[in-house]
Amino acid sequence: MSFKDNVLKVVANISKGKTLSYKEVSCLAGSPRAYRAVGNILNKNYDPKIPCHRVIRSNGQLGGYNRGVVKKKKLLKQEKAIS
DNA sequence: CGTATGACGTGCA
DNA sequence: GTGCACGCCATAC
């Protein structure tokens, strides 16, 4: 069980319509200082079961998305996660 | 093992 | 509120 797998698991546990910041995810993953690694891991390793689009920045920004930030924004809007 | 990279975060000007 | 620079951790090569 690597930090990577832990992060993926945490992200997969995010409820629909709920958004968590990279820092929150890293904290739940077990390393509150690894928010850097969280983004890196999601960017390189993402699974179709991982709602990585629900992971946003602490400042409220969407951050980025493998399939395109537009898609992420759209998804969050559909889930009412953002305005 | 050492270096380079990254979807970040915080601090300061 | 905006822009720049530094620091942080884990992964991949």
Side-chain angles (χ1 to χ4, degrees):
Chain A
M1 179 70 83
S2 306
F3 181 77
K4 171 170 97 65
D5 295 290
N6 218 320
V7 171
L8 295 174
K9 185 185 252 185
V10 172
V11 176
N13 265 288
I14 302 174
S15 305
K16 181 176 174 296
K18 181 70 170 283
T19 49
L20 289 178
S21 60
Y22 297 93
K23 209 198 299 192
E24 289 288 281
V25 176
S26 61
C27 191
L28 295 171
S31 298
R33 312 292 162 177
Y35 42 72
R36 256 303 178 152
V38 175
N40 204 334
I41 291 161
L42 293 174
N43 181 30
K44 287 173 176 169
N45 303 20
Y46 85 92
D47 284 277
K49 319 299 280 183
I50 309 296
C52 34
H53 64 268
R54 289 180 189 155
V55 186
I56 61 177
R57 290 186 64 156
S58 310
N59 54 314
Q61 295 302 108
L62 297 175
Y65 195 50
N66 304 24
R67 305 285 178 75
V69 187
V70 183
K71 181 99 177 218
K72 179 173 183 175
K73 198 196 310 190
K74 204 186 248 189
L75 287 164
L76 290 171
K77 240 176 191 265
Q78 284 180 89
E79 298 183 1
K80 308 290 174 34
I82 60 176
S83 304

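Per chain, numbering begins at 1; letters A, B, ... match sequence-line order.
Residue A:K23 is classed as a sugar-phosphate contact, given heavy-atom separations below 4.0 Å to backbone atoms only. Within the nucleic acid shown, A:S26 has no heavy atom closer than 4.0 Å to any nucleic acid atom. When heavy atoms are screened at a 4.0 angstrom cut-off, A:A34 is found touching the sugar-phosphate backbone but no base atom. Across all strands, A:I41 comes closer than 4.0 Å only to sugar-phosphate atoms, never to a base (heavy-atom distances). Within the 4.0 angstrom heavy-atom criterion, base atoms lie near A:N66.
Residue pairs that meet the side-chain hydrogen bond (donor to acceptor under 3.5 Å, both in side chains) test with at least one member in residues 21-30 of chain A, sequence neighbours left out, do not exist here. Sorted by first then second residue, the salt bridge (charged side-chain N to carboxylate O under 4.0 Å, His left out) pairs that include residues 41-55 of chain A, not counting sequence neighbours, are A:R54-A:E79.
Proximity of A:V55 to A:L20: side-chain heavy atoms (C-beta onward) are nowhere separated by under 4.5 Å. Between A:L62 and A:L76 the shortest side-chain heavy-atom distance falls below 4.5 Å.
Side-chain atoms of A:Y65 stay outside donor-acceptor range of the base of B:dA7, with no qualifying N/O pair under 3.5 Å.
Separation of atoms CD1 (A:I82) and NZ (A:K77) is listed at 6.0 Å; rounding is to 0.5 Å. Expressed to the nearest 0.5 Å, how far CG of A:N45 lies from CG of A:N40 amounts to 9.0 Å.
Here B:dG6 presents its C1' atom at 17 Å from OH of A:Y46, a figure rounded to the nearest Å. If you measure from atom CG of A:L20 to atom C1' of B:dG9, you get 17 Å, rounded to the nearest angstrom.
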Would you tabulate the side-chain donor-acceptor contacts of residues 63-70 of chain A under 3.5 Å, counting partners in other chains and residues two or more places apart, or write 'none'?
from, atom 1, to, atom 2, distance (Å)
A:N66, ND2, A:L42, O, 3.3
A:N66, ND2, A:N43, O, 3.1
A:R67, NE, A:Y46, OH, 2.8
A:R67, NH2, A:Y46, OH, 2.5

Can you give me every donor-acceptor pair (side chain of residues 3-17 of chain A, partner residue at least two apart or in another chain, under 3.5 Å) with its distance?
from, atom 1, to, atom 2, distance (Å)
A:D5, OD2, A:S2, N, 3.3
A:N6, ND2, A:A29, O, 3.2
A:N13, ND2, A:K9, O, 3.0

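Using a 4.0 Å cut-off on heavy atoms, none of the residues of residues 48-60 of chain A approach DNA chain C. A heavy atom closer than 4.0 Å to some atom of DNA chain C occurs in A:K4, these being the qualifying members of residues 4-13 of chain A.
Bracketed by its first and final contacts, the part of DNA chain C lying under 4.0 Å from non-hydrogen atoms of chain A reaches from C:dG7 to C:dA12 in 5' to 3' order.
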Between the protein and nucleotides 1-5 of chain B, which nitrogen or oxygen pairs come in under 3.5 angstrom?
from, atom 1, to, atom 2, distance (Å)
B:dT5, O2, A:N40, ND2, 3.2

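Closest approach of A:K72 to A:I56, counting heavy atoms only: CE-CG2, 4.1 Å.
In terms of the side chain to side chain contact (heavy atoms under 4.5 Å, CB included) criterion, residue partners of A:K74 (sequence neighbours excluded) are, by chain and number, A:Q78.
The nearest heavy atom of DNA chain C to A:Y35 and to A:F3 marks one nucleotide each, and the one closer to the 5' end goes with A:Y35.
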